[in-house]
Amino acid sequence: MLTKNILYTPTGDIFIMKGITPVISLILIIVLVCVLAALSFRFMTDVMDILGTKSKTAMVSEIEKITECVRIEGMNGNKIYLRNCGSTNLTDIYFYLDNKLISFTNETNGFNLTLSPGVGGFSAPISMNNPYGGIRFVNEVSVSTPGGLRVFSASDPSISGSASIYKKERFFVVTSDRLAKWYVIELANGTFGSPIFVEDKSGTGSWGNSMADFDNDGDNDFVGGDIQDGIGKIYIFYSNGIPYEPGVLIGNIDVSVPSVPGKTILPRIMDMATADFDNNGYMDFVVSGNNNIYNVFLNNKNRTFEQKIFSPAGGVTGMGKDAADFNNDGCKDIVADAYNDGRIGWFEGDCHGNFDNSGHIIAVSSAESYGVATGDFNNDGFFDIITNPSNTDNPQILFFKNTDNDFDQPVIVYSDSSLSRVNALDVFDFNMDGKLDMVYVTYNRNSAYWARGLGNGTFEYAGQISSNLGADVLGIATPRPFWR
């Protein structure tokens with residue numbers, strides 16, 4: 001039976017429509033579904049475009065945040081040491097004490113202080129006006145940029161007078177001996193404490209250490225090594241203060257020794273040098289056995305290290321070592337007594353953990369140096385070198401002045417009865433007076449001493465730090481900040 005539908009119009013006209021069959025109904029439903037699907041797709045596309053735009057904006061914002069990165073490395077005298085760990089230049093940096101802006105004059109760049117990216121360290125010589133007057137402790141030092149980037153250093157720094165700001169921390173000296181025993185000595189309130197035993201690895205030949213914050217947690221860790229079954233083993237000792245964690249093996253090195261007529265060379269883990277060699281924001285180090293096989297350990301930022309090797313041309317042994325940016329090219333270099341005959345070599349870095357194998361011969365003396373250290377010892381803005389050539393008759397410390405990226409012939413800057421035939425040394429500003437001091441261990445007395453730096457490249461005896469540090473002590477290290 002045919003169904004009729006009646007449609008009444010406003011004028012009273014009547015249209016009679018035939019009924020919709022099931023087939024037609026199905027077709028209409030399909031069309032309606034397709035239309036709705038199209039509309040839904042368009043709606044979802046618009047939503048995703050909006051969300052994608054917002055996500056992209058957020059991602060760009062986060063990337064921009066990553067490119068801006070500044071860190072307070074340390075404070076010493078009237079200097080604040082900063083590091084640009086981002087990828088863009090940072091300008092117009094402001095300093096605060098307890099959230100109070102302090103006025104300053106940058107002696108190099110005026111008020112337009114600029115930190116370039118990819119630089120191992122930056123020293124900003126700053127004259128400060130004390131916002132409090134007199135002497136008082138502050139709880140927080142912070143740095144900020146106009147973009148809102150804010151960095152804090154809250155280790156109870158203090159400000160003295162109108163020109164000095166200090167960061168109070170727990171500092172340690174680490175020593176090691178021929179029998180692979182490690183000790184740390186704490187410096188607190190200007191006084192060295194008693195040696196604290198860390199670990200005995202039961203190996204031999206531990207004549208090299210280096211101390212730095214290798215995992216960027218704010219505590220000074222250290223690396224050392226020993227020889228077991230003819231294999232050189234390198235360990236890292238992480239710290240949360242005291243005690244240090246047991247040493248973790250991070251790599252092996254070749255400790256085979258060369259044959260030198262008239263000399264007996266024993267397998268040893270020799271001195272180490274630490275710096276950010278590849279400019280990735282984490283500290284690296286270099287070590288050798290009693291040979292010219294230099295092992296560079298590059299920090300992977302996750303408590304592991306990539307190991308590279310370079311061998312200075314013509315070298316015999318690598319004894320004392322240290323690192324600094326001697327030519328101000330932004331890359332850390334290595335200096336070492338690398339030839340076992342008193343020739344001091346300077347090996348330029350390329351900011352990627354590679355070094356010039358030929359090197360520059362700085363000076364030649366009649367005796368090798370077990371201790372080599374770098375620092376601005378005369379406060380002229382250049383990294384100098386000190387060494388202690390082994391000499392039975394007249395133990396002494398030699399000073400190599402850096403004059404516009406070249407080194408003068410050495411002069412004697414320290415000689416004391418506490419020095420012995422063989423010594424190892426490192427440097428640090430122990431009394432926080434803005435002048436680098438020296439700490440050294442004596443091979444045949446197994447004791448540690450320190451000498452005050454006078455700011456003109458010379459030193460004066462300051463006293464014994466500790467005795468009974470083991471058997472044949474020739475490993476010693478002090479904290480190594482980025483700016484050195």
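Just so you know, these numbers use all the heavy atoms, side chains as well, and skip hydrogens, waters and symmetry mates.
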Q: Report the relative orientation of the aromatic rings in F285 and F305; use parallel for angles under 30°, tilted for 30 to 60°, perpendicular for over 60°.
A: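 Perpendicular: the ring planes of F285 and F305 meet at over 60°.
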
Q) Under 30°, 30 to 60°, or over 60°: which ring-plane class applies to Y294 and F310, parallel, tilted or perpendicular? A)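 Correct class here is tilted.
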
Side chain of [X], backbone of [Y]: donor and acceptor closer than 3.5 Å?
| X | Y | value |
| --- | --- | --- |
| N280 | N299 | yes |
| N388 | G371 | yes |
| D322 | A273 | no |
| D384 | N402 | yes |
| S206 | G225 | yes |
| N279 | G330 | yes |
| T374 | A323 | yes |
| D177 | A471 | yes |

**Q.** Qualifying residue for side chain to side chain contact (heavy atoms under 4.5 Å, CB included) with R480, from M211, M272, M283
**A.**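 So, applying the side chain to side chain contact (heavy atoms under 4.5 Å, CB included) to R480 and each of M211, M272, M283, only M283 qualifies.
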
Q) Only one of F222, F214, Y244 forms a side chain to side chain contact (heavy atoms under 4.5 Å, CB included) with S239, so which one is it? A)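 Among F222, F214, Y244, the one meeting side chain to side chain contact (heavy atoms under 4.5 Å, CB included) with S239 is Y244.
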
(Q) With side-chain contact (heavy atoms from CB on, under 4.5 Å) as the criterion, how do F237 and V184 come out once you've worked through the C-alpha distance, each side chain's angles and the decisive distance to 0.1 Å? (A) CA-CA 11 Å; F237 301 78; V184 293; over 6 Å; no

Q | Test salt bridge (Lys or Arg N to Asp or Glu O under 4.0 Å) applied to D200 and K181, step by step | A | CA-CA 5 Å; D200 180 358; K181 292 182 174 63; 3.4 Å; yes

(Q) Run the side-chain contact (heavy atoms from CB on, under 4.5 Å) test on V287 and I269 for me, step by step, so that the C-alpha distance in whole Å, both residues' side-chain angles and the decisive distance to 0.1 Å come before the verdict. (A) CA-CA 8 Å; V287 59; I269 302 295; 3.9 Å; yes

Q) Does NZ in K308 sit with more than 12 non-hydrogen atoms of other residues, nucleotides or ligands closer than 6.0 Å? A)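 Yes, the 6.0 Å shell around NZ holds more than 12 heavy atoms from other groups.
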
**Q.** Neighbour count above 12 (heavy atom, 6.0 Å) for N302 CG
**A.**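 Buried by this count: over 12 neighbours within 6.0 Å.
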
(Q) If you define the side chain from C-beta out and look only at heavy atoms, does anything of F277 sit under 4.5 Å from L298? (A)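 Sidechains of L298 and F277: in contact.
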
Q) Do S288 and K321 meet the criterion of a side-chain donor-acceptor pair at a distance under 3.5 Å? A)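 A donor-acceptor contact under 3.5 Å links the two side chains.
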
Q. Side chains of T274 and S210: do they bring a donor and an acceptor to under 3.5 Å?
A.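 Yes, because at least one side-chain N or O of T274 sits under 3.5 Å from a partner of the opposite role on S210.
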
Using distance only, find each side-chain donor-acceptor pair of residues 410-418 under 3.5 Å and give its atom names and separation, not counting sequence neighbours.
residue	atom	partner	partner atom	Å
Y414	OH	Y440	OH	2.8
S415	OG	P395	O	3.1
D416	OD2	S418	N	2.9
D416	OD2	S418	OG	2.8
S418	OG	Y440	OH	2.4

Q. Please, which pairs that meet side-chain hydrogen bond (donor to acceptor under 3.5 Å, both in side chains) have at least one residue in residues 253-265, sequence neighbours excluded?
A.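 Non-adjacent pairs meeting side-chain hydrogen bond (donor to acceptor under 3.5 Å, both in side chains): D254-S256.
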
Q: Any chance you could lay out the side-chain contact (heavy atoms from CB on, under 4.5 Å) test for I476 and V173, step after step, and finish with the verdict?
A: CA-CA 7 Å; I476 188 165; V173 174; 3.7 Å; yes

Q) D429 and D437: side-chain contact (heavy atoms from CB on, under 4.5 Å), yes or no, with the steps? A) CA-CA 5 Å; D429 185 7; D437 309 308; 3.6 Å; yes

Q) To the nearest 0.5 Å, what is the distance between OH (Y449) and OG (S466)? A)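 Y449 atom OH to S466 atom OG measures 10.0 Å (nearest 0.5 Å).
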
Q. Checking ring pair (Phe, Tyr, Trp, His ring centres under 6.0 Å) against F326, which of F407, F400, F347 comes through?
A.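 Between F326 and the candidates, ring pair (Phe, Tyr, Trp, His ring centres under 6.0 Å) is satisfied uniquely by F407.
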
